[in-house]
Amino acid sequence: MAGRNFLFVPGPTNVPDRILRAMHVAMEDHRSPIFPELTRTCLNALKPVFKTTTGSPILFPLPALVVGKLR
């Protein structure tokens with residue numbers, strides 16, 4: 001396993017190179033001018049997941065401290 005990162009959930013799992021390359025993209029700042037459009041795109045992409053065309057998915061961002069307490 002030396003020289004290669006593996007995903008250990010429940011693992012080890014081989015991660016394809018295209019996925020590893022996609023993970024090497026800088027995160028978008030929530031204050032950037034394109035963030036609202038990025039959010040709209042993501043929320044619209046969730047509509048088929050929830051099988052709706054008129055509803056609006058709502059996401060509740062939880063800080064790591066809260067998530068850690070929930071576990």
Side-chain angles (χ1 to χ4, degrees):
M1 288 196 224
R4 179 97 188 209
N5 292 328
F6 289 88
L7 180 64
F8 287 94
V9 281
T13 301
N14 294 326
V15 180
D17 287 333
R18 66 182 181 85
I19 303 299
L20 291 174
R21 285 191 303 273
M23 291 172 27
H24 286 272
V25 175
M27 289 187 349
E28 193 59 52
D29 187 349
H30 69 281
R31 294 183 196 105
S32 77
I34 68 164
F35 193 76
E37 181 57 34
L38 176 65
T39 304
R40 265 190 298 280
T41 302
C42 292
L43 291 176
N44 285 333
L46 283 174
K47 286 183 179 185
V49 173
F50 293 106
K51 298 181 180 169
T52 184
T53 56
T54 58
S56 297
I58 299 174
L59 300 179
F60 293 99
L62 297 173
L65 292 175
V66 173
V67 174
K69 289 179 183 177
L70 291 175
R71 292 183 178 188

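If you chain together ILVMFWY residues whose side-chain heavy atoms come under 4.5 Å of each other, Phe35 ends up grouped with Leu38.
Applying the salt bridge (Lys or Arg N to Asp or Glu O under 4.0 Å) rule to Arg21 yields no partners; only residues at least two apart in sequence or on another chain are considered. With sequence neighbours left out, the side chain to side chain donor-acceptor pair (under 3.5 Å) criterion links Thr39 to no other residue.
Taken from NE2 in His24 to CG in Leu20, the straight-line distance is 6.0 Å, to the nearest 0.5 Å.
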Validation: residues 44-58 side-chain donor-acceptor distances under 3.5 Å, sequence neighbours left out:
| from | atom 1 | to | atom 2 | distance (Å) |
| --- | --- | --- | --- | --- |
| Asn44 | ND2 | Arg40 | O | 3.3 |
| Thr52 | OG1 | Thr54 | N | 3.3 |
| Thr52 | OG1 | Gly55 | N | 2.9 |

